[in-house]
Amino acid sequence: MRNYVIFVLSVIFSSSEAPPPQVSKQYRSDYEYNRKTDAFYKLHIETTPHYLVEQLCQVEGAELMVPRSDYDIEQMHAMFKKFPDIGNYVWIGNDGRDHESAEEEPIINLEEPPNFSDRFGTCVVGTRTGDVETSVCYRGLPYICKVAAMDAPYDRHCNVYGKDYKYYASTGSCYKIPNIAFPWSEAYSECQAEGAHLVVVNSEAEHLAIMNLTSTAPKVRNAKASYFLFAGFRAEKPVGNATVVFKTVFNETLSQAGYENWSDNEPNNSNGEYCGSIFLNDGKLNDLHCHDSFGFICEKEVSS
Ligand SMILES: *[C@@H]1O[C@H](CO)[C@@H](O)[C@H](O)[C@H]1NC(C)=O
Ligand SMILES: *[C@@H]1O[C@H](CO)[C@@H](O)[C@H](O)[C@H]1NC(C)=O
Ligand SMILES: *[C@@H]1O[C@H](CO)[C@@H](O)[C@H](O)[C@H]1NC(C)=O
Ligand SMILES: *[C@@H]1O[C@H](CO)[C@@H](O)[C@H](O)[C@H]1NC(C)=O
Ligand SMILES: *[C@@H]1O[C@H](CO)[C@@H](O)[C@H](O)[C@H]1NC(C)=O
Ligand SMILES: *[C@@H]1O[C@H](CO)[C@@H](O)[C@H](O)[C@H]1NC(C)=O
Ligand SMILES: [Ca+2]
Ligand SMILES: [Ca+2]
């Protein structure tokens with residue numbers, strides 16, 4: 001009898017030995033999967049000085065793409081094709097080999113490079129034609145981030161494509177403060193890409209949870225000020241003398257969301273502050289300029 005069971009089981013299992021359906025694996029919505037390298041890629045089209053790109057890829061759980069095989073080059077080539085207007089070079093990682101210098105005269109980047117080696121050194125670039133060359137580090141270029149599928153962070157409990165989410169039972173949500181400062185709309189996109197959203201305070205309990213979260217959080221680099229973190233609410237510039245109405249990213253008023261305790265003397269709408277934030281000293285609400293860069297909090301509700 002036992003032998004028979006084993007036989008039947010082995011038939012069932014061997015019959016399913018055919019290659020698995022070629023479903024593409026999943027990572028953040030802004031990364032694409034390459035089956036040949038079993039890795040995810042994103043071409044960042046925004047022009048960025050070299051000294052920042054490693055950190056920017058890390059925030060996304062990835063690394064600056066180091067060309068490891070022809071498949072990486074193929075991937076780079078394919079991504080270039082989707083963006084005919086971004087020029088002919090992107091930052092990629094150093095593979096430790098010697099490469100020729102790119103011929104194109106760099107566009108001088110007026111932003112002050114942070115250190116001597118960035119000012120005069122050369123960094124590795126990928127070209128539109130599929131070569132690997134070098135160019136001066138101080139220019140601004142698009143760049144490619146890559147993460148191997150097996151290293152791509154996925155938090156099963158919080159159901160997000162990101163690391164460092166912290167669960168609070170008092171609210172049933174997970175939270176994270178990414179180690180980067182962005183303008184409000186980029187912060188919005190970053191949380192969204194991880195499968196989360198900019199934090200929405202729905203109760204006094206959540207206000208307390210956020211106070212707890214921020215009390216141990218390290219300061220975010222490059223933020224315009226460290227006393228505020230962007231949150232998931234903002235207002236449209238009113239027409240005429242209509243009152244400013246703040247709404248959450250779910251299109252609720254703050255009162256509908258369940259928490260509308262502003263920090264003292266806020267919102268002050270100083271020179272047109274239309275984006276929402278949390279004031280770290282009391283965890284209450286404040287308005288900020290949308291285009292300034294601040295740290296931010298992502299939230300993901302854990303479905304029961
Ligand atoms: C200077 O820039 C180079 C190249 O980006 C980097 O490798 C190095 O760590 C930087 N040094 C300092 C002191 O920031
Ligand atoms: C607003 O703050 C007060 C005191 O600071 C607190 O008693 C009240 O519960 C808060 N309101 C909400 C909706 O959390
Ligand atoms: C934050 O919450 C944790 C876990 O409940 C607790 O151990 C810690 O003392 C709290 N920290 C603050 C500053 O409230
Ligand atoms: C704005 O306020 C002024 C004076 O308070 C009033 O006369 C005017 O009608 C208001 N305009 C609008 C569009 O509500
Ligand atoms: C947002 O809410 C307002 C008022 O409740 C409503 O008029 C509007 O259609 C909503 N917008 C969306 C995109 O649902
Ligand atoms: C308005 O609020 C901002 C914080 O969002 C603060 O830095 C600024 O000093 C305030 N301005 C005035 C005039 O109170
Ligand atoms: Ca919430
Ligand atoms: Ca303000």
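When a ligand or atom number is given, it counts from 1 through the structure's own listing order.
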Is the ring pair Phe279/Phe228 parallel, tilted or perpendicular, if the boundaries are 30 and 60 degrees?
tilted
Strictly under 3.0 Å, is the Ca ion (ligand 7) approached by any N, O or S atom of Asn202?
yes
Quick check: does any side chain N or O of His157 sit under 3.5 Å from a backbone N or O of Tyr165, one acting as donor and the other as acceptor?
no
Is Asn268 close enough that one of its N/O/S atoms sits under 3.0 Å from the Ca ion (ligand 8)?
yes
Report whether any nitrogen, oxygen or sulfur of Val200 sits less than 3.0 Å from the Ca ion (ligand 7) (N, O or S, backbone or side chain).
yes
Return the name of the atom in Glu266, of element N, O or S, nearest to the Ca ion (ligand 8).
OE1
Kindly give the atom name of the N, O or S atom of Glu299 closest to the Ca ion (ligand 7).
OE2
Restricting to N, O or S atoms of Asp287, which is nearest to the Ca ion (ligand 8)?
OD1
Evaluate side-chain hydrogen bond (donor to acceptor under 3.5 Å, both in side chains) for Ser173 paired with Glu299, printing each intermediate quantity in order.
CA-CA 7 Å; Ser173 278; Glu299 175 185 3; 2.7 Å; yes
So, Glu301 and the Ca ion (ligand 7): N/O/S under 3.0 Å, yes or no?
no
State whether any protein heavy atom lies less than 4.0 Å from atom 5 (O) of ligand 3.
no
Name whichever N, O or S atom of Glu273 ends up nearest to the Ca ion (ligand 8).
OE1
Considering heavy atoms of the protein only, find what lies nearest to atom 8 (C) of ligand 3 and give residue, atom and distance to 0.1 Å.
Asn212 ND2, 3.7 Å
Flag for Asn212-Tyr168: side-chain donor and acceptor within less than 3.5 Å:
yes
Val66 and its side-chain contact (heavy atoms from CB on, under 4.5 Å) partner, picked from Val124, Asp95, Asp72
Asp95
Kindly indicate whether the side chain of Phe294, heavy atoms from C-beta on, has any atom under 4.5 Å from the side chain of Val220.
no
Side chains of Gln26 and Tyr161: do they bring a donor and an acceptor to under 3.5 Å?
yes
Output yes if Asn286 passes the N/O/S-under-3.0 Å test against the Ca ion (ligand 8); output no otherwise.
yes
Among all the protein's non-hydrogen atoms, which is closest to atom 13 (C) of ligand 3, and how far away is it?
Ser215 OG, 3.4 Å
Please lay out, stage by stage, how Gln75 and Thr37 fare under the test side-chain contact (heavy atoms from CB on, under 4.5 Å).
CA-CA 9 Å; Gln75 174 71 31; Thr37 57; 6.0 Å; no
